[in-house]
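Accompanying notes for the structure given below.
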Amino acid sequence: MGYSAFKVIKEGLFGQRGWKPVWRDPDPKPKYDVVVIGGGGHGLSTAYYLAKEHGITNVAVLEKGYIGGGNVGRNTTIVRANYMLPGNSEFYSHSLKLWENMEQDLNYNTMMSQRGVMMLCHSDGQRDLFARRGNSMVNQGDDAELLTPEQVRAEAPMIDFDNVRFPIYGGLMHRRGGTARHDAVAWGYARGADQRGVDLIQNCEVTGIDIEGGVVKGVQTTRGGIRAKKVAIVVAGRSSLVAGMAGMRLPIESHVLQAFVSEGLKPIMPGVISFGMGHFYISQSDKGGLVFGGDLDFYKTYAARGNLPMKEHVMDAAMTLMPSIAKAKVLRSWGGIMDMSPDGSPIIDKTETDGLFLNCGWCYGGFKAVPGSGFSYAHLIATGNHHAPAARYRLDRFRTGVGLMDEEGTGSQHNLH
Amino acid sequence: MRLTCPICGERDRREFYYKGDAIELDRPNQDAGLAAWDDYLHNRDNSAGEIRDLWHHAAGCGAWLIVTRNTLTHAVSRCELVEKDTR
């Protein structure tokens, strides 16, 4: 289905009654080549790239709720490729290139807006670190500019440059980063997968994974058993529970990350500003709301809501960075459940069960990975080989200690990320 | 969230440092092998429901606590001192 200005005007005149669902609502078939567990951003993009890149269209995506109702609708929509470590650097670089071509590829307006992501530094040491990070981003083929305080002021005059504790020493600007419309990303991939023959099955919770002799045979669901040659788990937030159905114990803890939106304001923010020292980041949506968030609540939980101490901390950080927004009212807040891995980096790998694949551990960085994760996961599922940009996302790196990707330099241990 | 320290009484969550799963008390023997150590250091049940976690009353009496808490509701059902752990 195409969209046009003419259609929008016509529907406006006739009560919006002519719009039709853009994907089917099929019942599950008894058997598929690939069953993808999880209809979030990553699951949908996996199904889309399985069909588009590998011609595998006999695919079902099983979603326990509704499409777009999970973490893909519970994030702060930031897209960037400003990583430094080998493994992460090439992966997010690849993912950003997919973002840049996503709207043309899906023929769907995902409102990808490369308005820039700027990280702030507050000491000489941190500026040196940013110079190094910027160089590795440039070496990877992405963009980075080290900004002087004056250049930061030109970009973002509303922040407090004279804060005694956190004076602005400069910034690292990543102009190709930005934001996208998260719901549209889910819908665009859902429509694209559906058009290529993928069955998107909603309200279908997986209750068991059938394994015989070390080989996966299918899944049990609330809508009956489904046989499958390959089963792909991609359920960040619930990974331990679903993998547990296959007898696995994962190096994952589930934590809640909160985010906030203010009332709509006139444009004040140029792009995304990241105030790392306060664990704070902020951008302004196209509707005018300030979208911002902080750090984890730092205790395991599956409740998609946080506690007040972290809310207070985030508001403190906001006031430290930009007192100018003090009178803006917070409209709403929410929490998303994060798959936290010990080293803070994700996992895209095979498992010890033949035909069973695992994609998890996205920590608080899952949204920007949506296209790259799906692309690389589809490659692994279809070919049995790791896709080069995601080749280091191995499950066994924690056991062996080889290839850990501790981007924050805090150590590979739960409770540090 | 508030936790009831057996020594200090009911206190704000901000007084406590969160360590993680109480599995950390069950340290394997040095010669237990790679799999046991991997399990101890990295792998977690991560259950949805009642779990046992280690918390440190950092801004209080300094005691280590085992807190039994529901990860779906945030309800805290038990706080006991690690040294009194009677499992």
Side-chain angles (χ1 to χ4, degrees), chain A residues 64 235-245 247-256 295-313 316 335 337-343 347 352 360-361 395-402 404 411-417, chain B residues 1-5 10-28 32-60 64-79 82:
Chain A
K64 78 167 180 174
V235 292
R238 314 289 290 189
S239 300
S240 300
L241 306 177
V242 174
M245 296 172 192
M248 299 171 71
R249 236 169 135 245
L250 297 182
I252 297 288
E253 287 188 350
S254 293
H255 286 253
V256 64
D295 213 342
L296 298 176
D297 269 32
F298 275 110
Y299 49 81
K300 278 190 292 185
T301 176
Y302 283 95
R305 61 180 184 279
N307 262 292
L308 291 171
M310 186 48 68
K311 288 183 170 68
E312 186 179 41
H313 175 91
D316 279 352
I337 304 303
M338 312 285 117
D339 265 19
M340 300 306 297
S341 66
D343 67 354
I347 295 160
E352 288 180 357
C360 67
L395 176 58
D396 69 355
R397 68 180 186 268
F398 306 103
R399 179 170 55 80
T400 63
V402 176
L404 291 169
S412 174
Q413 183 182 310
H414 289 296
N415 95 342
L416 295 181
H417 294 275
Chain B
M1 188 193 298
R2 293 172 75 80
L3 299 178
T4 304
C5 173
E10 188 182 309
R11 294 298 177 95
D12 189 283
R13 176 257 180 275
R14 277 169 283 204
E15 292 190 8
F16 299 86
Y17 166 78
Y18 177 74
K19 180 72 170 82
D21 199 305
I23 188 180
E24 304 205 15
L25 295 172
D26 304 326
R27 193 178 173 84
L34 197 60
W37 276 97
D38 179 39
D39 234 26
Y40 169 72
L41 290 169
H42 305 122
N43 297 333
R44 296 291 179 260
D45 286 340
N46 199 23
S47 314
E50 289 238 313
I51 57 163
R52 281 157 48 88
D53 282 337
L54 286 179
W55 295 72
H56 183 221
H57 197 180
W64 280 96
L65 309 177
I66 299 175
V67 176
T68 307
R69 185 175 51 93
N70 191 309
T71 52
L72 295 170
T73 64
H74 291 167
V76 176
S77 54
R78 221 171 150 202
C79 288
V82 167

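Just so it is clear: chains get the letters A, B, ... in the order the sequence lines come, proteins before strands, and each one is counted from 1. Here the structure is a predicted model, which is why all the values come from computation and not from measurement.
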Give, for atom [atom1] of [X] and atom [atom2] of [Y], the distance between the pair rounded to the nearest 0.5 Å.
X	Y	atom1	atom2	value
B/Arg14	A/Leu308	CZ	CG	7.5 Å
B/Asn43	A/Glu253	CG	CD	11.0 Å
A/His255	B/Tyr18	NE2	OH	5.0 Å
B/His42	A/Ser412	NE2	OG	4.5 Å
A/Asn307	B/Arg13	CG	CZ	7.5 Å

Check whether B/Asp45 gets within reach of chain A through its side chain, its backbone, both or neither, counting any heavy atom under 4.5 Å.
both

Which atoms of B/Trp37 are under 4.5 Å from chain A, going by heavy atoms: the side chain, the backbone, both sets, or neither?
neither

Is it true that atom CD of A/Glu352 has more than 12 heavy atoms of other residues, nucleotides or ligands lying nearer than 6.0 Å?
no

Look at atom CZ of B/Arg27 and say whether more than 12 heavy atoms of other residues, nucleotides or ligands are closer to it than 6.0 Å.
no

Is any side-chain heavy atom of B/Asp21 closer than 4.5 Å to one of A/His414?
no

Please determine, by modelled atom types, if A/Tyr302 and B/Asn70 share a side-chain donor-acceptor pair under 3.5 angstrom.
no

Set of side chain to side chain donor-acceptor pair (under 3.5 Å) partners for A/Ser240, sequence neighbours left out
B/Asn46

Using 30° and 60° as the class boundaries, would you call the ring planes of B/His74 and A/Tyr299 parallel, tilted or perpendicular?
perpendicular

Residues which pass side-chain contact (heavy atoms from CB on, under 4.5 Å) with A/Arg399, listed by chain and number, not counting sequence neighbours
A/Asp396, B/Leu34, B/Asp38

At a 4.5 Å cut-off on heavy atoms, which part of A/Pro309 comes close to chain B: side chain, backbone, both, or neither?
both

Using the rule given for side chain to side chain contact (heavy atoms under 4.5 Å, CB included), can you reason through A/Ile252 versus B/Arg44, listing the C-alpha separation, both sets of side-chain angles and the distance that settles it, and then say yes or no?
CA-CA 6 Å; A/Ile252 297 288; B/Arg44 296 291 179 260; over 6 Å; no

Report the C-alpha separation of B/Leu41 and A/Gln413 in whole Å, then their side-chain angles, then the decisive distance to 0.1 Å, and conclude whether the side chain to side chain contact (heavy atoms under 4.5 Å, CB included) test is met.
CA-CA 7 Å; B/Leu41 290 169; A/Gln413 183 182 310; over 6 Å; no

Looking only at heavy atoms, the pair that brings B/Leu72 and A/Ala303 closest together is O-CB, 3.5 Å

